[in-house]
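Atoms within a ligand are numbered from 1 in the order they appear, just like the ligands themselves.
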Amino acid sequence: MTSMQRKPIRPLPPTLISQIAAGEVVERPASVVKELIENALDARARRIEVRIQQAGQRLIEVRDDGFGIPADELALAVSRHTTSKVEKPEDLFHISTLGFRGEALAAIGSVSRLTIISRPPDAPTGAMIQVEGGNIRGPVRPTAAPIGTTVRVEDLFFNVPARRKFLKTPATERRTIDEVVLRYALAYPQVRFRLEHDGRLTLHTDGSGQEHQVLVAIFGPRTAQRMLPVLYEDGNVRIRGFISQPDLHRSHSREMRFFVNGRPVHDPALLRAVLQGYHTFLMKGRYPLVVLFIEMPPDGVDVNVHPTKAEVRFRNPDAIFRAVQHSVRKALLAHSPLTPTPVTEWDIVDTSGRLRPIPWGIKSESEQESSREVLPEARVSDPGEKPAGFLEALSPASSPPLESSQEASLIEGPLLRLVGQIAATYLVAEGPDGLYLIDQHAAHERVLFEKWMRQQRTGHIPRQPLLEPAVVHLAPPQARLLEGYLETLTQWGFEVEAFGPNTFRVRALPAILAHGDPKAALLALVDDFEENETPLARDLEARLVARICKRLAVKAGQSLPREAQERLLQDLLDCENPRTCPHGRPTMIHIPVDFLERKFGRRGP
Ligand code: ADP
Ligand code: MG
């Protein structure tokens, strides 16, 4: 054991104090971006330009056209606990600016090489100050500059290697930066935002003040169109923003964004309140897209809870949560989701290259070909083996074993006879042992899943070129993610290429998905990438495919033409595991004849 000798108490050296403090404020490049954007907004900027190099490790530059910092205050601006935003203790309870702690610039300067160039509107010229690892370098110098402020942060954490080690992959750090810029762009539609990564423009809003424009810039026109407006007032609390229609949801809550008085906040209670508002509209485990602005008098909320100011404390939390829940409920009810889904025809490109509408379930020629090609011979050509597997899979353990004569006759004809479709959601079929109710969505998921996995095993996934490449717009964070996987997607039968900032062009889909919506397929992929940074590991493949199949499977509530019903039933019976969907939910419910007879009193209980 090493003996620890007591050392005398001493004050910490000032640079160490600021480094320790900096740790709380500046955790990663995105925290710098956040603080600098907040400063620009507090300076009433109308334009904010963010330039990033190497995911923020090399450079973070934020340029604004706000009211600037006078030359003689530059040295103060970079010192600790200096601010122009609060003066007296009471001010802390009426904060109307984003900053107030007076420590961001000092913290940033203590862990980077910081340059600030600023020029207030009434100054004839700009002035510049430089800080390196907490020490001011040289005097404040005059320099040519446009009105406003430019803050350059170079070599972040150059003097704190431990910090640098804790950074995530560049892709993750970039995504976190995107998320920060995106949030402020949402909250300040009247400000023009531009974000550049390594010289590439990845996000920009027009500053027109129209929130819907920002939604379009960030989510793309199709998603933006599916957002419902929220507007609700209750006493001093005003809630406005957008929430997604019940049919637009995610497997994670990262797209639920909350703002309190223009400040992005994290608050699990707000999230719960929204989910309560969605009660019965959304399945368990699914999360809506939400952009909610909660506004109240500054003294209704304490923002001085945490150094990053991302947590807040409401003076009257119950009232806030109630209001949020009601506002969501009201928006959902105002939107009438009861319009039936009429689509049973999808456009499929046939091999001649013409676009023709064909009913769901009838394969395009190329797909017919591909399934011929990939079906393992043994399964089709050995009729003795196949139905045995089927019967086992299709008959509940409790039902009596079938007579061998019955089994023989089943080999010839179809195993189940289709009766029809009910509630535009279930197929009804008759089997030798009773009635089957089949969930068309779950069944189709299973069918797509097995076809794809079969193709995957053969190492060749037939692809279906789209006659018209589909242009898909993704939110910047998702776009960054997808970019990393374009190569891999090729192996999966996709052909996707980058096509402008945050936009991708889908040229081909795996043939098996050719009837589906290319955007839905891409989003399903990205969803998965988001949850897992190495999504293509072998064991994750099936899960990913399952997810895409779910997204593209025929939905409940779609009435299917007879041929499509037949085809689905047959395809399901051709599956190795016809009884459950890839996620494990049942595809069918069996009602034995026996049960019917008892219910109708034909047989004793
Ligand atoms: P805080 O924002 O909490 O006051 P900061 O360390 O972030 O603390 O900034 C210190 C001071 O520098 C601010 O109070 C403000 O007066 C000034 N300042 C910082 N950035 C800007 C900017 N972009 N435009 C104008 N003034 C700024
Ligand atoms: Mg600040």
Q) Is the closest N or O pair between S84 and ligand 1 shorter than 3.5 Å? A) yes
**Q.** Taking atom 2 (O) of ligand 1 as the reference point, the nearest protein heavy atom with its distance
**A.** K85 NZ, 2.7 Å
Q: Test salt bridge (Lys or Arg N to Asp or Glu O under 4.0 Å) on E49 and R192 and set out the steps.
A: CA-CA 8 Å; E49 294 175 8; R192 235 175 99 164; 5.8 Å; no
Q: Pull out every atom of ligand 1 sitting under 4.0 Å from any heavy atom of I69, numbered as shown with elements.
A: 17 (C), 18 (N), 19 (C), 21 (C), 25 (C), 26 (N), 27 (C)
Q.
Set out, in order, the CA-CA distance, both residues' side-chain angles and the distance that settles side-chain hydrogen bond (donor to acceptor under 3.5 Å, both in side chains) for H252 and Y287, then state yes or no.
A. CA-CA 6 Å; H252 54 77; Y287 300 87; over 6 Å; no
Q.
Any nitrogen or oxygen of D64, side chain or backbone, less than 3.5 Å from one on ligand 1?
A. yes
Q) Could an N or O of ligand 1 be found under 3.5 Å from any N or O of E35, whether backbone or side chain? A) no
Q. Is L105 in polar range of ligand 1, meaning some N or O pair under 3.5 Å apart?
A. yes
Q.
As a check for students: among T83, N39, D42, identify the option with a heavy atom nearest to atom 20 (N) of ligand 1.
A. N39
Q. Do any N/O atoms on F100 end up under 3.5 angstrom from N/O atoms on ligand 1?
A. yes
Q) Among pairs that include at least one residue of residues 263-283, which meet salt bridge (charged side-chain N to carboxylate O under 4.0 Å, His left out), considering only residues two or more places apart or in two chains? A) none
Q: Verify ring pair (Phe, Tyr, Trp, His ring centres under 6.0 Å) between F259 and F293, making sure each step is shown before the conclusion.
A: CA-CA 5 Å; F259 303 82; F293 302 103; 4.7 Å; yes
Q: Measure from atom 12 (O) of ligand 1 to every heavy atom in P70, A77, A45 and give the option owning the shortest one.
A: A77
Q.
Give the atom numbers and elements of ligand 1 that come within less than 4.0 Å of a heavy atom of A43.
A. 24 (N), 25 (C)
Q.
Below the 3.5 angstrom mark, is there an N/O of A104, backbone or side chain, next to an N/O of ligand 1?
A. yes
Q: State whether the shortest distance between N or O atoms of G99 and N or O atoms of ligand 1 falls below 3.5 angstrom.
A: no
**Q.** Residue T82 vicinity, atoms of ligand 1 by number, heavy atom under 4.0 Å
**A.** 10 (C)
Q | E103: numbered ligand 1 atoms lying under 4.0 Å from its heavy atoms | A | 6 (O), 8 (O)
Q: Enumerate the protein N/O/S atoms at a distance below 2.8 Å from the Mg ion (ligand 2), ignoring waters.
A: N39 OD1
Q: Verify the distance criterion only: is there a donor paired with an acceptor across the side chains of N39 and K34 at less than 3.5 Å?
A: no
Q: Under 4.0 Å from a heavy atom of G102: give me the atoms of ligand 1 that qualify, with their elements.
A: 1 (P), 3 (O), 4 (O), 6 (O), 8 (O)
